[in-house]
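Input: a single structure, listed below in C-alpha cells.
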Amino acid sequence: MSLPSGAFPKSKRLRHKHHFKYVFDRAKRIECPSVRVYFTNALNEHGQVGFIASKKIGSAVVRNKSKRIMRECYRHLQSNFTREVDMILVAKKSEMIILDVKSSMKTGMEKHKLLKYE
RNA sequence: AAGCGCGGGCACACAGUCGCCUCUUCGGAGGAGGAAAGUCCGGGCUCCGCAGAGCAGGAUGCCUUCUAACGGAAGGACGGGGUAACCCGAUGGAAAGUGCCACAGAAAAUAUACCGCUUUCGUUCAUUUGAAAGUAAGGGUGAAAUGGUGAGGUAAGAGCUCACCGGGCUUUUGGCAACAAGGGUCGCAUGGUAAACCCCAUCCGGAGCAAGAUCAAAUAGAGGAAAAGAAACGGCUCGUUUCGCUAUGAUUCCUGGGUUGAUUGCUUGAGCUUCUUGGCAACAAGCGGCCUAGAUAGAUGACUGUGCCAGACAGAACCCGGCUUACCGCCUGCGCUUAUAA
RNA sequence: CGGGGCGUAGCGCAGCCCGGUAGCGCACCAGUUUUGGGAACUGGUGGUCGCAGGUUCAAAUCCUGUCGCCCCGA
C-alpha cells in the first residue's frame, strides 16, 4: 500500500482555547458516519487541526484510540488539500475502522472542494 | 491419575516502512500498568502561624511486632467452616447511664402468675364450685422465657439435695501480652441490641501541584476608610473557643483590577536489585551494582509479512506505601485428599 | 484534583433520621353515569426498594463494598 508520506509536528495542532473558539464560530460542517468535521480558513500560515473525543464516546482507552485514528486519517489526507484550513474533528462513534473513516472523510471533503481529485 | 488448597511469573512475539514525544556526545537511545482505574485509607512535598491547648466532630477497636505512616503486613490467641492442605471473622465494654424489643404471649426485663398442679376450709349426688395458702414441674406464644440432663426428694414442686456439663468469684503456673491449663469456692445472683445513643483506649490542624515559585506582555500605578490604647474592633485558609502574632506605611480593610502565554515544581526516589548477617516471619542492617515515561487540546499509532494458545481488563498527569474492584488465558513451585499400581 | 446529591409501580415523588404495615398523584384495567365519547365517582392491577455482602429475631431504612446518573468548586 502506497501511503503518502506526511510529517505531522506539534505546530500543526490546535493548541489553545481561543483558537478552538475561532474555528467553531465561523466553521462549515461536514457530516460523516463516524466523524463530524468543522473547517474554516486558516488563522495562521499553515492549517492546524484539533481532535475532540468527548466522554460520551467511552473510556480513556477508547477516546485515545479514536483520536489516533482521526489523526492518522488527517495525516494521510493533508498533502492533497487545495488550500490551508483550520479544522476540528469530533468523534461521534465509539467504534471506528480506519479505512471507513478515511474514505468517508475523503468523499465529504471532495464535495466541499477541499481535496484535489486524484 | 483425578479433585482441591496456597503462592510466583507473563500480559502477543519478531522483522520492515511511515508518523509522534523526550533526551542527545547528532551516531543514536528511551517511551503506559498489574491494576496506570475507583479515590477507600496512610504518608512525603508545598502554602497557610514550620501547628500550641480545650471543646465539638471523625476514624480505628483481641494481643505482640514491623513500618515514614496506615483502616496495611507478619506472627500468635479465641470463635466458626472444611476429611485435610487451608480458609473466614468491625473479635473492647450490656453489674456507668438512657433507649428499643412489632405481632403473638400470663409475662419481654420487673420476678410475675393465664391455663395448670397440690393442700386446707366450705359447698355439692359428684374432684361440682368458691375462698385462702403453696408452687413454677408441665402448657401454648415467640427470634429470645431467668442454667441444662438424670436421679433423689415432696402434698405438689423447686439447686431443695446429689452426679455430670455450663457459669460467676478467687488463686497458682506458663506466656511480653491476648489467653491457656490446673486448684479452691459459690447452688447460680443481673436476656438481646453498642453496624442504637453512649463509655473506655489510641489517633487526627486546614487546604491541595489548577499547591506553590519565577519571567514576559497587556491592564492598573487609582479611589475611600483606619491615629497613639498596643486596649477595643478587625486580620492571620473554610467547625469553634483560647493562646500566640499583627501597624501608620514599603501596613491593613473595602471598591476596582486580579487576564494571557511561557518556564519551574517534574521525576534520583521511604527507588530497584545480587550477596551476606539478624529475625519463625513481615522486615531491618551492611557491601556492591543499576537508572527505569515526563506529556501539557495532553506523546506508544497505522500498514505489511511470519508464527501461535488468536491477544482480556484497560491509558501515566506531583510522587510513594497499601486496600478494593475489572480481567481472555498461559506457564510454574509447594502442599492436601481419594483411588489404582509397584 | 476535591466536594455534594440521587437511584422506590410505566412517569414524578413520600417513607429512611427513630428498623417490624411499602404509600401518594398521574397513567392503566373494570364498573357506574351518557345515545356515544370526555369529565366525574367507585373499585382494582402493578414494586428484585440500583446490585452484592454483613449486623439484627427482622433491613427500603443501619454498616461495608460496588454500578449508574446529576450537580458544584479550583
Side-chain angles (χ1 to χ4, degrees):
Chain A
M1 191 168 177
S2 65
L3 291 173
S5 65
F8 190 65
K10 209 186 270 182
S11 60
K12 287 199 176 177
R13 303 288 290 275
L14 276 175
R15 304 290 294 277
H16 304 302
K17 203 171 183 176
H18 60 87
H19 203 158
F20 271 85
K21 200 159 188 261
Y22 166 83
V23 176
F24 273 124
D25 281 350
R26 57 200 76 191
K28 290 185 177 176
R29 217 165 67 178
I30 304 171
E31 292 285 350
C32 306
S34 54
V35 180
R36 179 177 296 153
V37 181
Y38 294 90
F39 71 96
T40 187
N41 292 326
L43 187 69
N44 300 321
E45 288 186 8
H46 39 250
Q48 287 165 292
V49 65
F51 307 98
I52 293 177
S54 74
K55 257 189 180 172
K56 271 186 193 171
I57 297 296
S59 62
V61 173
V62 173
R63 295 200 302 271
N64 278 345
K65 183 98 181 170
S66 58
K67 277 186 182 180
R68 283 172 192 148
I69 286 170
M70 289 189 293
R71 200 182 63 193
E72 195 68 14
C73 295
Y74 179 84
R75 198 168 69 80
H76 290 166
L77 292 171
Q78 64 176 353
S79 59
N80 289 344
F81 282 171
T82 51
R83 57 193 165 106
E84 295 295 337
V85 290
D86 285 345
M87 191 177 283
I88 294 172
L89 305 181
V90 182
K92 287 160 71 179
K93 280 188 195 170
S94 57
E95 292 182 2
M96 294 175 126
I97 302 164
I98 187 157
L99 290 175
D100 296 352
V101 174
K102 192 178 163 187
S103 62
S104 65
M105 275 172 65
K106 197 173 173 184
T107 54
M109 289 181 182
E110 278 168 352
K111 274 186 193 168
H112 286 78
K113 297 179 181 177
L114 282 175
L115 286 178
K116 298 171 195 164
Y117 291 98
E118 289 177 355

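Quick note on labels: first sequence line is chain A, next is B, and so on, each numbered from 1.
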* Asked: Taking only residues two or more places apart in sequence, or in another chain, which ones meet A:R36 in a side-chain contact (heavy atoms from CB on, under 4.5 Å)?
  -> A:R29, A:E31, A:Y38, A:V90, A:K92
* Which is true for A:F20 with a 4.0 Å heavy-atom rule: it touches a base, it touches only sugar-phosphate, or it touches nothing? -> base
* If you link I, L, V, M, F, W and Y whenever their side-chain heavy atoms are under 4.5 Å apart, who else ends up in the same group as A:I57? -> A:V62
Return all side-chain donor-acceptor pairs below 3.5 angstrom for residues 20-28 of chain A, not counting sequence neighbours, or 'none' if the list is empty.
{"residue": "A:Y22", "atom": "OH", "partner": "A:N41", "partner atom": "O", "Å": "3.4"}

* Since syn is defined as within 90° of 0, does B:G321 count as syn or as anti? -> anti
* For B:U190, which nucleotide in any strand shown is its Watson-Crick or wobble partner with both distances under 3.5 Å? -> none
* side-chain contact (heavy atoms from CB on, under 4.5 Å) involving A:I98 - partner list, sequence neighbours excluded -> A:I69, A:E72, A:C73
* To do: Determine which nucleotide pairs with B:C334, using a 3.5 Å limit on both distances of a Watson-Crick or G-U wobble pair.
  => B:G5
* Asked: Is A:F8 stacked on the base of B:G19, meaning ring centres closer than 5.5 Å and planes within 30 degrees of each other?
  -> no
What does the list of N/O pairs under 3.5 Å between the protein and nucleotides 313-319 of chain B look like, with a distance for each?
{"residue": "B:G315", "atom": "N7", "partner": "A:N64", "partner atom": "ND2", "Å": "3.3"}
{"residue": "B:G315", "atom": "O6", "partner": "A:R68", "partner atom": "NH1", "Å": "3.0"}

* Is the glycosidic angle of B:C50 within 90° of 0, making it syn, or outside that range, making it anti? -> syn
* Whenever both distances are under 3.5 Å in a Watson-Crick or G-U wobble pair, mark it; put RNA chain C into dot-bracket that way, with [ ] for crossing pairs and | when the partner is on another strand. => ((((((((.[[[[.)....(..]]]].(((((.......))))).....[[[[[..)....]]]]]))))))).
